[in-house]
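Just the heavy atoms: all of them, side chains too, but no hydrogens, waters or symmetry mates, feed the values below. Nothing here was measured: the structure is a model prediction, and the numbers come from that model.
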Amino acid sequence: MFTNKTKLIYLSSFLFVLSSIEGTAQCAMCRAVLETEESGLPAEAVNDGIVYLMAFPYLLLLVGGVIIFRIMKGKKKKRKG
């Protein structure tokens with residue numbers, strides 16, 4: 001019924017719409033701390049914590065990718081040798 005090109009256009013449009021939706025989720029404790037402080041230091045600390053927590057999944061994916069790459073590379077050498 002749909003061609004691959006049509007499916008790709010619908011999927012990209014759907015993902016584009018999802019990516020443009022603004023998220024405003026925040027825990028109650030974080031909101032209370034950030035709204036009461038005037039110096040801005042807690043806001044910077046919360047932002048640093050978010051970046052810190054966000055980095056670990058990417059590092060795990062990188063390490064997993066390197067391990068899989070080395071395993072696959074080793075299997076190719078065994079087949080040829």
Side-chain angles (χ1 to χ4, degrees):
M1 186 165 128
F2 293 114
T3 64
N4 285 339
K5 188 175 182 180
T6 309
K7 289 179 185 178
L8 183 62
I9 290 172
Y10 283 132
L11 180 64
S12 4
S13 301
F14 179 71
L15 292 176
F16 178 74
V17 168
L18 280 182
S19 68
S20 65
I21 296 172
E22 183 178 336
T24 57
Q26 190 176 48
C27 73
M29 293 300 292
C30 295
R31 182 181 297 259
V33 168
L34 294 176
E35 287 178 351
T36 57
E37 293 294 326
E38 296 176 4
S39 65
L41 286 176
E44 290 178 20
V46 169
N47 287 340
D48 291 341
I50 290 169
V51 171
Y52 177 74
L53 290 172
M54 184 184 73
F56 279 102
Y58 290 107
L59 288 174
L60 287 174
L61 286 172
L62 178 69
V63 169
V66 169
I67 291 171
I68 290 172
F69 176 76
R70 288 187 178 181
I71 289 172
M72 298 300 281
K73 189 176 177 182
K75 285 183 179 181
K76 283 185 179 179
K77 283 185 180 180
K78 286 182 183 178
R79 282 188 215 159
K80 289 182 180 179

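Note: I9 CD1 to T3 OG1 = 7.5 Å, rounded to the nearest 0.5 Å.
Just one residue in the list L61, I67, V66 forms a side-chain contact (heavy atoms from CB on, under 4.5 Å) with V63, and that residue is I67.
Linking Ile, Leu, Val, Met, Phe, Trp and Tyr residues whenever their side-chain heavy atoms come within less than 4.5 Å leaves L62 and I68 in two separate clusters.
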